[in-house]
Amino acid sequence: EVQVVESGGGLVQAGGSLRLSCIASGLIFDDYAMGWFRQAPGKEREGVSCISWSGGGTSYSDSVKGRFTISRDNAKNTLYLQMNNLKPEDTAMYYCAARSSLYCSASWSASWSVTTSFNYWGQGTQVTVSS
């Protein structure tokens, strides 16, 4: 059974940092691109970041670029999201997701942040940023 489990969320003040972790099991981890998504109440789920199987290719939403860093440790089946300079608008449930592809999208020009293209999802970890 495939399991994707996030951890590391919490309550922080604006300007603070958090590191989220995601451990995947039941799959060949380095066969999958991995992504982070988030969803705030009343809003659509949005892509935050994605990383290719080897970590050699990464993508970020414009809203987090320069503040967040995605990484992975294939030996540990673990995905990370380092979040710095957090803002209240970052408050959301953060989800880890696995895509049954080596890459985050079908081509260099294609959008990577398509939720339906990710096959396995974690339960989410809450990030709350106070002003």
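Heads up: numbering here begins at 1 and tracks the sequence. Since the model is a prediction, treat every value here as computed from it, not as a measurement.
Under the rule for a side chain to side chain donor-acceptor pair (under 3.5 Å), T69 has no partner lying at least two apart in sequence or in another chain. In this structure Y95 satisfies the side chain to side chain donor-acceptor pair (under 3.5 Å) test with no other residue, sequence neighbours excluded.
Other members of the cluster containing W53 are L102, Y103, with ILVMFWY side chains joined at under 4.5 Å, either directly or via other members. Through side-chain heavy atoms spaced under 4.5 Å, either directly or across other Ile, Leu, Val, Met, Phe, Trp or Tyr residues, V129 is tied to V2, V4, V12, L18, L20, L27, F29, Y32, M34, W36, V48, I51, Y60, V64, F68, I70, L79, L81, M83, L86, Y94, Y120, V127.
Here the closest heavy-atom approach between residue G47 and residue S113 is recorded as CA-CB, 3.9 Å. In this structure, S117 and V114 approach most closely via the heavy-atom pair OG-O, 2.8 Å.
Rounding to the nearest 0.5 Å gives a distance of 9.5 Å between OG of S21 and CD of Q82. Interatomic distance, S52 OG to R99 CZ, rounded to the nearest 0.5 Å: 11.5 Å.
In terms of modelled atom types and a separation under 3.5 Å, the side chain of S105 and the main chain of W112 share no donor-acceptor contact. Without hydrogens or angle criteria, T128 side chain to T91 main chain gives no donor-acceptor distance under 3.5 Å. Looking at E6, its side chain does come within 3.5 Å of a backbone N or O of G124 through a donor-acceptor pair. Proximity of a side-chain donor or acceptor of N85 to a complementary backbone N or O of R67 within less than 3.5 Å is not detected.
Under 3.5 Å, the side chains of D73 and T78 contain no donor-acceptor pair of N or O atoms.
Within the structure, every pair that satisfies the disulfide bond (SG atoms under 2.5 Å apart) test and touches residues 85-125, not counting sequence neighbours, is listed here: C22-C96, C50-C104. Residue pairs meeting the salt bridge (Lys or Arg N to Asp or Glu O under 4.0 Å) criterion with at least one partner in residues 45-64, sequence neighbours excluded, are R38-E46, D62-K65.
Classified by interplanar angle (parallel below 30°, tilted 30° to 60°, perpendicular above 60°), the ring pair F37/F118 is perpendicular.
Residues N84 and S17 are in side-chain contact: their nearest non-hydrogen atoms beyond the backbone lie under 4.5 Å apart.
In the hydrophobic cluster analysis, where Ile, Leu, Val, Met, Phe, Trp and Tyr join through side-chain heavy atoms closer than 4.5 angstrom, I23 is grouped apart from Y80.
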